[in-house]
Amino acid sequence: PLPDSGRCPTLAEFGNTWLDYGRANRQKPSTLDNKATAFRVYLSPVLGKYRLDQIGAMAILKLKAALAELAASSTNQVLLVLSSILTTAHKLGHIAEQPKIELVKVPATRKIKHLEPDDFEKLVDAAAQVSPTSLAIVLLAGDAGLRLGEVVALRPKDLDFRNRVVHVNTTVWHGQRTLPKGGEPRTLPMSNRLLAALQGLDLSRPDLINRDSPHGQGQCTPDAITNLIKRAARLAYLGHVHAHVLRHTFATRLLSRGVDVRTVQQLMG
């Protein structure tokens, strides 16, 4: 409910309505969580007292100035969240016209980190020394391009050894199982070594990658998976390696073999 009937709400007052609108339209929990963080940390402190119908070119310039210390890509993420808020406000009849928000220019020299082929093979060998689980994780990310949450969410029933494919049907975000990023499941081929590594795991439990601790057994956590990758990286004398670096390594290896960009995009989801 609005504070005063007939009065245009401020950005701060409209925040919960906007998030409820996203929940009602079944936006992913991870998406809503990122939006709520951007709203709380960046938008509300700068524009929270502005009425929605007062947010125009000058207010947007003020926001950009306040975000000057952020990377250009991060600034654009905040601007896109503001655009989402104003779009919702327009749909709900709080503003008659939605102002145009111009994104800031992102430098074209941004370099994505990946492992060179020799270094990736060193990591695979080191992961095999750490544990069968560590090897499976490194290959799921580096040979199949899975995201961290997708590795956590994998279940034995998602593996088709006969057809040598992995079905990525869900991901896990803060303990919640949802559709993968982009909202579409996808199917990925298994390399020979990934097939062997997955067949070597305990497939009798509900989850593929499991956690064993003094507190019991259960679904593995993203932090635990990240630590297994880091252990293998230290053993291989490599720098900071995480699941996202392995995803980029997967994409780079495909492109170097002549796979077209569109196919790589589809495989990575």
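Just so it is clear, the structure is predicted and the values come from calculations on it, not from any experiment. Numbering starts at 1 and runs along the sequence shown.
- At least one donor-acceptor pair under 3.5 Å links the side chain of D260 to the backbone N or O of R262.
- More than 12 heavy atoms of other residues, nucleotides or ligands shown are found within 6.0 angstrom of NZ on K64.
- Contacts of T87 classified as side-chain hydrogen bond (donor to acceptor under 3.5 Å, both in side chains), with partners at least two apart in sequence or in another chain: Q98.
- Here L61 sits in one hydrophobic cluster together with M58; the rule is ILVMFWY side chains under 4.5 Å apart, joined directly or through other members.
- Among residues two or more places apart in sequence or in another chain, the salt bridge (Lys or Arg N to Asp or Glu O under 4.0 Å) test is passed with D53 by R51.
- Summarising the local packing, CZ of R186 is surrounded by more than 12 heavy atoms from other residues, nucleotides or ligands at distances under 6.0 Å.
- Two different hydrophobic clusters hold I229 and Y237 under the rule that ILVMFWY side chains link at heavy-atom gaps under 4.5 Å.
- T252 places a side-chain N or O within donor-acceptor distance of the main-chain N or O of H248, the cut-off being under 3.5 Å.
- Side-chain contact between T88 and L92: present, with at least one pair of heavy atoms (C-beta onward) separated by less than 4.5 Å.
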Pair K35-Q27, side chain to side chain contact (heavy atoms under 4.5 Å, CB included): steps then yes or no: CA-CA 11 Å; K35 285 183 175 182; Q27 293 181 13; 3.0 Å; yes
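- Side-chain contact between H114 and R247: absent, with no pair of heavy atoms (C-beta onward) separated by less than 4.5 Å.
- Taking every heavy atom of both residues into account, P9 and F14 meet most closely at CG-CD1, 4.3 Å.
- The SG atom of C8 lies 8.0 Å from the CD atom of Q54; values are rounded to the nearest 0.5 Å.
- In this structure the side chain of T170 never reaches within 4.5 angstrom of the side chain of L179, judged on heavy atoms.
- A salt bridge links D207 and R177; the closest N-O separation between the charged side-chain nitrogens and carboxylate oxygens is under 4.0 Å.
- One hydrophobic cluster holds both F120 and L267 under the rule that ILVMFWY side chains link at heavy-atom gaps under 4.5 Å.
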Chi angles and distances behind the side chain to side chain donor-acceptor pair (under 3.5 Å) call for H242, T226: CA-CA 6 Å; H242 48 79; T226 299; over 6 Å; no
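- Formation of a donor-acceptor pair under 3.5 Å by the D158 side chain with backbone atoms of R155 is found in this model.
- Hydrophobic cluster of W173: no remaining members, since no ILVMFWY side chain lies below 4.5 Å from it.
- Put simply, F250 and V165 are part of two different groups of oily side chains (I, L, V, M, F, W, Y) that touch within less than 4.5 Å, one to the next.
- With a 4.5 Å cut-off on side-chain heavy atoms, F39 and L11 count as touching.
- The shortest distance between side-chain heavy atoms of R231 and L235 does not fall below 4.5 Å.
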S204/D202 under side chain to side chain donor-acceptor pair (under 3.5 Å): CA gap, chis, key distance, verdict: CA-CA 6 Å; S204 64; D202 181 358; 2.6 Å; yes
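- Here the side chains of L135 and V138 are not in contact, with every heavy-atom distance at 4.5 Å or above.
- A salt bridge does not link D33 to K28: none of the charged nitrogens lies less than 4.0 Å from a carboxylate oxygen.
- To the nearest 0.5 Å, the span separating CG on L201 from CG on L208 amounts to 5.5 Å.
- Between L47 and L82, some side-chain heavy-atom pair lies under the 4.5 Å cut-off.
- Taking all atoms of both residues into account, the shortest heavy-atom contact from L115 to T249 is N-OG1, 2.9 Å.
- To the nearest 0.5 angstrom, I137 atom CD1 is 10.5 Å from L246 atom CG.
- Judged as a side-chain hydrogen bond (donor to acceptor under 3.5 Å, both in side chains), the pairs with a partner in residues 116-134 (not counting sequence neighbours) are, in order, E121-R193.
- Looking at every heavy atom in both residues, V104 comes nearest to A72 through CG2-O, 3.6 Å.
- The shortest heavy-atom contact between Y50 and V46 is CE1-O, 4.0 Å.
- To the nearest 0.5 angstrom, K105 atom NZ is 15.5 Å from T75 atom OG1.
- One finds the CG atom of L140 at 8.5 Å from the CE atom of M190 (value rounded to the nearest 0.5 Å).
- Within the model, atoms CG of L103 and CG of N76 stand 4.5 Å from one another, a figure rounded to the nearest 0.5 Å.
- H94 and H90 have their aromatic ring centers separated by at least 6.0 angstrom.
- Under the side-chain contact (heavy atoms from CB on, under 4.5 Å) test applied with E150, the options V172, T171, L188 reduce to a single match, T171.
- When the salt bridge (Lys or Arg N to Asp or Glu O under 4.0 Å) test is applied to R23, the partners found at least two apart in sequence or on another chain are D20.
- Taking all atoms of both residues into account, the shortest heavy-atom contact from A197 to L139 is CB-CD1, 4.0 Å.
- Between I101 and L86 there is a side-chain heavy-atom pair separated by less than 4.5 Å.
- Closest of all the heavy-atom pairs between A144 and L194 is CB-CD2, 4.0 Å.
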